[in-house]
Amino acid sequence: MMYRNFFFLSILTLFISCSSPANSPEFIKKTTGRYLYNSDEVIEVYFENEELFLKWRGANSIKPMNVGNQQFFVKEMNEKIEFSTDSSSKNQFLTLVPKDDNDTIINNFRKLAVNEKIPSEYLKDNEFDKALEGYLNIKKNDSLDNSLNENNFNSLGYKELRKNNFENALNIFKINMMLYPNSSNVYDSYADALKVKGDTLQAIIYYKKSLKLDSGNRRAKSFVEKYDKKE
C-alpha cells in the first residue's frame, strides 16, 4: 500500500513539473513575432491557446517545453531559450540560455519590426532591388556568409527560366553577377536567360563577358562564333 502511494505521488509530481503554466497576455503580446536567427533566416514565435510555438526551418509547429521563469526548452534545437528586452533600445530578443557557467557566448536574436523582411523574403516577393541591397550588405559584413551561395542563386534562376519567368530569372542572375563579378558562370547564366528570352544581341554581350573570364567555355564560344559568322 505504501509503495502504491509513493508511486502515485511520484507520477503526480512528474505531471505537475511537466505541466506548462499559462503565458500571460502581456508576455504573449511582447514575444509574438519574427526573430532574426541569422543573416537570412528567421524564427517565428506564435501562440495557440496561450501556449508558445515556433516556426523554424520548415517546421511549423515546434512546441517548446516551459521549464519556468519564462524559459523554454526546444528539443529540435537542443537549446533552452528565453526572451528579454534591451533596457536602452527597448528591442525584444530571443536568447539562447548558456549551457554552463563557463559559456561566455551570448546568442541574441533580435525581434524584427512588423514590416521588416530578410533578403530571401524580398527575393520570394520579387522585390529584387531590395533583395540585392540586403545581400550586398550581408557580403559587406561577411563575404563567406552561407546565404551568399553562388550555386543556390544559379539554381533558383534556372528554376524560374524553366517556367518561362524570364524577368525573374534575369533579376536573380543579375543579383549573382553583382555578388560574384569575377565569376564566368554568372555571366553565362545571364546570357542563357537572354537567349531563351529571344534577346540574342544582349546574350552575345554576356557570353563574351563569360569568355573573358573563362576562355574554355566551349558552349559560349560556339554561340559567339556562330553569331560572328552571320555578321
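Note that these values count all heavy atoms, side chains included, but never hydrogens, waters or copies made by symmetry.
Across all their heavy atoms, Pro119 and Ala131 have their closest contact at O-CB, 3.7 Å. Between Asp86 and Ser88, the shortest heavy-atom distance links the atoms OD2-OG, 2.6 Å. The shortest non-hydrogen separation linking Leu96 to Met77 is CD2-CE, 4.2 Å. In terms of heavy atoms, Thr200 sits closest to Phe223 at CG2-CZ, 4.1 Å.
Here the side chains of Val186 and Glu150 are in contact, with some heavy-atom distance below 4.5 Å. Using a 4.5 Å heavy-atom threshold, the side chains of Val97 and Ile81 count as separate. Between Asn107 and Thr95 there is no side-chain heavy-atom pair separated by less than 4.5 Å. Contact annotation: the side chain of Glu51 approaches that of Phe53 to within less than 4.5 Å [non-hydrogen atoms, C-beta and beyond]. A heavy-atom distance below 4.5 Å is found between the side chains of Lys195 and Tyr207. Side-chain contact check for Arg57 versus Glu76: every heavy-atom pair is 4.5 Å or farther apart. The shortest side-chain heavy-atom distance between Ile205 and Lys209 falls under the 4.5 Å cut-off. By the 4.5 Å heavy-atom criterion applied to side chains, Glu127 and Lys117 are counted as neighbours.
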Please report the C-alpha distance between Glu48 and Tyr46 in whole Å, then the side-chain angles of each, then the deciding distance to 0.1 Å, and finally whether the side chain to side chain contact (heavy atoms under 4.5 Å, CB included) criterion is met.
CA-CA 7 Å; Glu48 290 184 357; Tyr46 68 101; 3.6 Å; yes
Would Leu211 and Lys221 count as a side chain to side chain contact (heavy atoms under 4.5 Å, CB included) if you check the C-alpha gap in whole Å, the side-chain angles of each, and the deciding distance to 0.1 Å?
CA-CA 7 Å; Leu211 285 168; Lys221 188 175 182 180; 3.9 Å; yes
How far apart are the C-alpha atoms of Ser147 and Asp145, what are their side-chain angles, what is the distance that settles it, and do they pass the side-chain hydrogen bond (donor to acceptor under 3.5 Å, both in side chains) test?
CA-CA 5 Å; Ser147 68; Asp145 192 285; 2.8 Å; yes
Test Gln202 against Lys197 for side chain to side chain contact (heavy atoms under 4.5 Å, CB included), laying out the working first.
CA-CA 10 Å; Gln202 285 294 309; Lys197 184 184 177 185; over 6 Å; no
Applying side chain to side chain contact (heavy atoms under 4.5 Å, CB included) to Trp56 and Ile43, what does each step give before you reach the verdict?
CA-CA 5 Å; Trp56 183 60; Ile43 299 176; 3.3 Å; yes
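Between Phe72 and Phe27, the ring planes lie parallel to each other; the angle is under 30°, not in the 30° to 60° tilted range.
Residue Ile175 is grouped with residue Phe166 when hydrophobic side chains (ILVMFWY) are merged at heavy-atom distances under 4.5 angstrom, including chains of intermediate members. The cluster map of Ile, Leu, Val, Met, Phe, Trp and Tyr, joined by side-chain heavy atoms under 4.5 Å apart, puts Tyr37 and Ile138 in different clusters. Under a hydrophobic clustering in which Ile, Leu, Val, Met, Phe, Trp and Tyr are joined whenever their side-chain heavy atoms come within less than 4.5 Å, directly or via other members, Leu112 and Leu54 fall into different clusters. In the hydrophobic clustering of this structure, Leu194 groups with Leu161; members are Ile, Leu, Val, Met, Phe, Trp, Tyr whose side-chain heavy atoms approach within less than 4.5 Å, directly or through other members. In the hydrophobic cluster analysis, where Ile, Leu, Val, Met, Phe, Trp and Tyr join through side-chain heavy atoms closer than 4.5 angstrom, Leu148 is grouped together with Tyr158.
Taking the charged nitrogens against the carboxylate oxygens, Arg34 and Glu41 have no contact shorter than 4.0 Å, which rules out a salt bridge. We find that Glu116 and Arg110 are joined by a salt bridge, their nearest charged nitrogen and carboxylate oxygen being less than 4.0 Å apart. Between Arg219 and Asp188, at least one side-chain N (NZ, or NE/NH1/NH2) sits under 4.0 Å from a carboxylate O, which counts as a salt bridge.
Side-chain polar atoms of Gln92 and Thr85 form a donor-acceptor pair below 3.5 angstrom. A donor atom on one side chain and an acceptor atom on the other are found under 3.5 Å apart for Glu82 and Gln71. Remark: the Asp40 side chain and the Tyr135 side chain contain an N/O donor-acceptor pair separated by less than 3.5 Å. With no hydrogens or angles considered, no side-chain donor-acceptor pair links Asn185 and Ser183 at under 3.5 Å.
Atoms CG and CG, from Asn168 and Leu123 in turn, are 9.0 Å apart once rounded to the nearest 0.5 Å. Ser39 OG to Asn141 CG: the interatomic distance, rounded to the nearest 0.5 Å, is 9.0 Å. Atoms OH and CG, on Tyr187 and Asn217 in that order, are 14.0 Å from each other to the nearest 0.5 Å. How far CE of Met177 is from CD1 of Ile172: 12.5 Å, rounded to the nearest 0.5 Å. Note that CZ of Phe109 and OH of Tyr35 are 12.0 Å apart. Values are rounded to the nearest 0.5 Å. Distance check, rounded to the nearest 0.5 Å: CG of Asn126 to CD of Glu160 gives 7.0 Å.
A cation-pi geometry, defined here as NZ or CZ lying under 6.0 Å from the six-membered ring centre and within 45° of its normal, does not hold between Lys111 and Phe93.
For Phe153 and Tyr180, the distance between ring centers is not under 6.0 angstrom.
Around atom NZ of Lys30, more than 12 heavy atoms belonging to other residues, nucleotides or ligands sit under 6.0 Å away. Enclosure of atom CG in Asp100 by more than 12 non-hydrogen atoms of other residues, nucleotides or ligands within 6.0 angstrom is indicated. Atom CG of Asn69 has 12 or fewer neighbouring heavy atoms from other residues, nucleotides or ligands inside a 6.0 Å radius. Counting non-hydrogen atoms of other residues, nucleotides and ligands closer than 6.0 Å to CG of Asn38 gives a total above 12. Residue Lys99 qualifies as enclosed at atom NZ: its count of foreign heavy atoms under 6.0 Å is above 12. The environment of Asp129 atom CG is sparse: at most 12 non-hydrogen atoms of other residues, nucleotides or ligands sit within 6.0 angstrom.
The backbone N or O of Asn151 sits less than 3.5 Å from a side-chain atom of Ser155, completing a donor-acceptor pair. A donor-acceptor pair under 3.5 Å is absent between the side-chain atoms of Ser222 and the main chain of Arg218, judged by distance alone.
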